[in-house]
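Labels below follow one simple rule: chain letters A, B, ... track the order of the sequence lines, proteins then strands, and each chain is numbered from 1.
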There are 2 protein chains.
Amino acid sequence: MSEEQHFNTLLQFFKVLGNESRLKILGLLANDERTVGELAALLELREPTVSHHLAAMKELGLIDVRVEGNNRVYWLKTQFLENLSRDIFSQSNLATLATDETGDAWEDKVLRYYVVDGRLKDIPSKHKKRLVVLQWLCAQFEPGRRYHELELNERLRAYHPDCASLRRYMVEDRLMARDNANMYWRLV
Amino acid sequence: MSEEQHFNTLLQFFKVLGNESRLKILGLLANDERTVGELAALLELREPTVSHHLAAMKELGLIDVRVEGNNRVYWLKTQFLENLSRDIFSQSNLATLATDETGDAWEDKVLRYYVVDGRLKDIPSKHKKRLVVLQWLCAQFEPGRRYHELELNERLRAYHPDCASLRRYMVEDRLMARDNANMYWRLV
DNA sequence: TTTCTATTTAGATGATTATCTAAATAGAAG
DNA sequence: CTTCTATTTAGATAATCATCTAAATAGAAA
């Protein structure tokens with residue numbers, strides 16, 4: 001299961017159970033299977049309301065139903081809960097919930113951290129973060145224009161002393177290209 | 001913890017985590033402690049919004065905070081989650097969720113089960129249920145009027161063959177009283 | 001002291017959702 | 001076939017809640 005799916009499953013699970021009526025239904029079905037009418041009487045709700053809640057719980061896979069004459073008998077799939085409780089709350093699984101921060105926000109944060117007063121505090125060692133920083137760096141150069149290695153180095157040094165690493169990384173990540181005459185230009 | 005408290009704790013827990021922003025916060029704090037501002041940037045929300053969510057999570061005991069200068073650093077109390085996941089989902093604990101059915105609904109259900117076509121299918125052996133049935137039975141008699149034991153028995157037999165038990169239970173539970181002349185009358 | 005910065009509190013607004021009634025459905029009973 | 005019963009679907013309403021802006025707070029920096 002992908003991280004995003006895991007996140008959404010979990011979110012749906014909490015949403016479904018984060019409701020007084022549905023949590024009561026869960027408790028009732030943990031004791032015994034029930035028809036819609038029985039649940040409605042026990043909860044003091046109308047049938048359509050209960051039906052609506054049951055649909056949400058069934059959608060999640062928490063309960064299932066069988067038909068008996070005019071009645072629909074709902075029952076709890078206890079397996080579902082057992083799997084979830086064992087699996088969900090481990091530190092490692094929780095940690096992945098956060099990696100949903102894919103968008104600009106995460107990149108902004110990385111940049112805010114590494115770029116201080118227009119200079120690079122550090123060159124990130126993690127590739128993903130480094131790429132963000134390099135893309136920002138690359139954007140500081142004119143698109144289309146060609147720079148000699150000497151000029152490039154000088155300009156890069158304004159951002160970080162280790163201009164050689166910056167230059168190498170930029171080529172490695174295909175943000176810049178070079179020709180035989182030691183000229184560099186933006187690829188993105 | 002009482003059953004009702006258990007129910008409410010669990011309900012609050014699901015409500016708090018059944019929200020996209022708060023579930024993301026949980027994930028982020030599972031990786032590292034964070035200030036309000038950091039969380040706001042990562043989630044692309046305003047500080048007051050994040051602050052509001054953090055308050056809900058703290059109220060629940062899921063996270064805690066320490067002050068560092070102007071910042072407030074929030075961190076996950078992993079113990080809380082571990083306790084909950086181990087404890088919550090056991091069949092026995094789930095089963096108690098339902099006993100919240102205290103009101104009229106439960107009594108109605110008991111009556112619906114025991115009273116069939118105006119007669120008692122059975123005399124409940126559990127006192128709590130028997131009381132419900134006896135109160136209904138008692139209501140079938142005229143308030144204020146006095147009944148001789150012979151008449152009472154005859155009328156009770158219309159509900160259940162074991163009229164003696166019914167009569168005894170009614171006196172025992174102070175629903176009816178008797179005098180020396182074998183006369184009975186309603187007390188409630 | 002005054003100013004600045006991070007956060008919380010207060011209050012408003014819009015979106016979501018729990019619930020209801022009325023109507024549709026479908027199977028059972030006659 | 002018609003009627004009855006249990007349930008679901010559709011649609012309306014009202015309550016809850018997530019989010020925002022503006023203002024208050026409180027500690028840090030100057």
Side-chain angles (χ1 to χ4, degrees), chain A residues 8 11-26 28-29 33-60 62-75 100 103 105 108-109 112-113 116-117, chain B residues 7-8 11-26 28-29 33-60 62-75 100 103 105 108-109 112 116-117:
Chain A
N8 285 328
L11 180 59
Q12 269 317 108
F13 174 75
F14 288 134
K15 277 192 171 170
V16 164
L17 261 47
N19 168 276
E20 185 168 345
S21 298
R22 285 192 293 263
L23 191 54
K24 280 182 183 170
I25 290 176
L26 175 69
L28 288 166
L29 294 186
E33 49 186 37
R34 297 281 189 182
T35 68
V36 179
E38 284 171 344
L39 290 171
L42 289 164
L43 298 169
E44 301 182 76
L45 291 172
R46 299 292 171 173
E47 279 85 355
T49 305
V50 173
S51 186
H52 161 79
H53 288 315
L54 290 170
M57 296 172 79
K58 185 161 182 302
E59 162 98 20
L60 188 71
L62 188 56
I63 60 177
D64 209 342
V65 65
R66 69 169 187 277
V67 177
E68 279 187 6
N70 271 333
N71 301 300
R72 262 150 251 206
V73 182
Y74 283 87
W75 47 279
D100 235 29
D108 287 355
K109 188 189 154 234
R112 244 180 292 123
Y113 180 82
V116 178
D117 294 331
Chain B
F7 180 86
N8 285 327
L11 181 59
Q12 269 318 107
F13 174 75
F14 288 134
K15 279 191 170 171
V16 164
L17 261 45
N19 169 274
E20 186 168 345
S21 299
R22 285 191 293 263
L23 191 55
K24 281 183 182 170
I25 290 176
L26 176 69
L28 288 167
L29 294 186
E33 49 186 35
R34 297 281 188 183
T35 67
V36 179
E38 283 171 345
L39 290 171
L42 289 164
L43 298 169
E44 302 183 74
L45 291 172
R46 300 289 173 177
E47 279 84 354
T49 306
V50 173
S51 186
H52 161 77
H53 288 314
L54 290 170
M57 296 173 78
K58 186 162 182 301
E59 162 96 21
L60 189 69
L62 187 58
I63 61 177
D64 209 343
V65 66
R66 70 170 187 277
V67 178
E68 278 187 7
N70 271 333
N71 301 300
R72 262 150 249 207
V73 181
Y74 283 88
W75 47 278
D100 234 31
D108 287 353
K109 187 187 155 237
R112 245 180 290 123
V116 178
D117 296 330

- Message: For a 4.5 angstrom cut-off between non-hydrogen side-chain atoms, does B:W75 reach B:D64?
- Response: yes

- Item | B:L54 side chain reached by B:R72 side chain, heavy atoms, under 4.5 Å | no

Can you give each donor-acceptor pair under 3.5 Å made by side-chain atoms of residues 46-53 of chain B, sequence neighbours left out, with the distance rounded to 0.1 Å?
unit_1 : atom_1 : unit_2 : atom_2 : d
B:H53  : ND1    : B:R22  : NH1    : 3.0

- Protein proximity profile, nucleotides 14-30 of chain C - base contact B, sugar-phosphate-only contact S, no contact -, cut-off 4.0 Å on heavy atoms: ----SBBBB----BS--

- May I have the distance from B:L54 (atom CG) to D:dT19 (atom P), rounded to whole angstrom? 12 Å

- Task: Could you list the residues that satisfy side chain to side chain contact (heavy atoms under 4.5 Å, CB included) with A:V73, not counting sequence neighbours?
- Result: A:E33, A:T35, A:R66, A:E68

- Message: Between P on D:dT16 and CD on A:E20, what's the gap in Å once rounded to a whole number?
- Response: 12 Å

- Task: Indicate yes or no: at least one non-hydrogen side-chain atom of B:L62 is less than 4.5 angstrom from one of B:L29.
- Result: no

- Query: Does B:Y74 make a side-chain N or O approach to OP1 or OP2 of C:dA6 shorter than 4.0 Å?
  - Reply: no

- Query: D:dT19 C1' sits how many Å from B:L43 CG, rounded?
  - Reply: 13 Å

- Whole-Å distance between D:dA18 P and B:K24 NZ? 14 Å

- Task: Figure out the CG/P separation between B:N71 and C:dT8, and round it to whole Å.
- Result: 10 Å

- Message: For A:I63 versus A:Y74, what's the shortest heavy-atom pair and its separation?
- Response: CD1-CD2, 3.7 Å

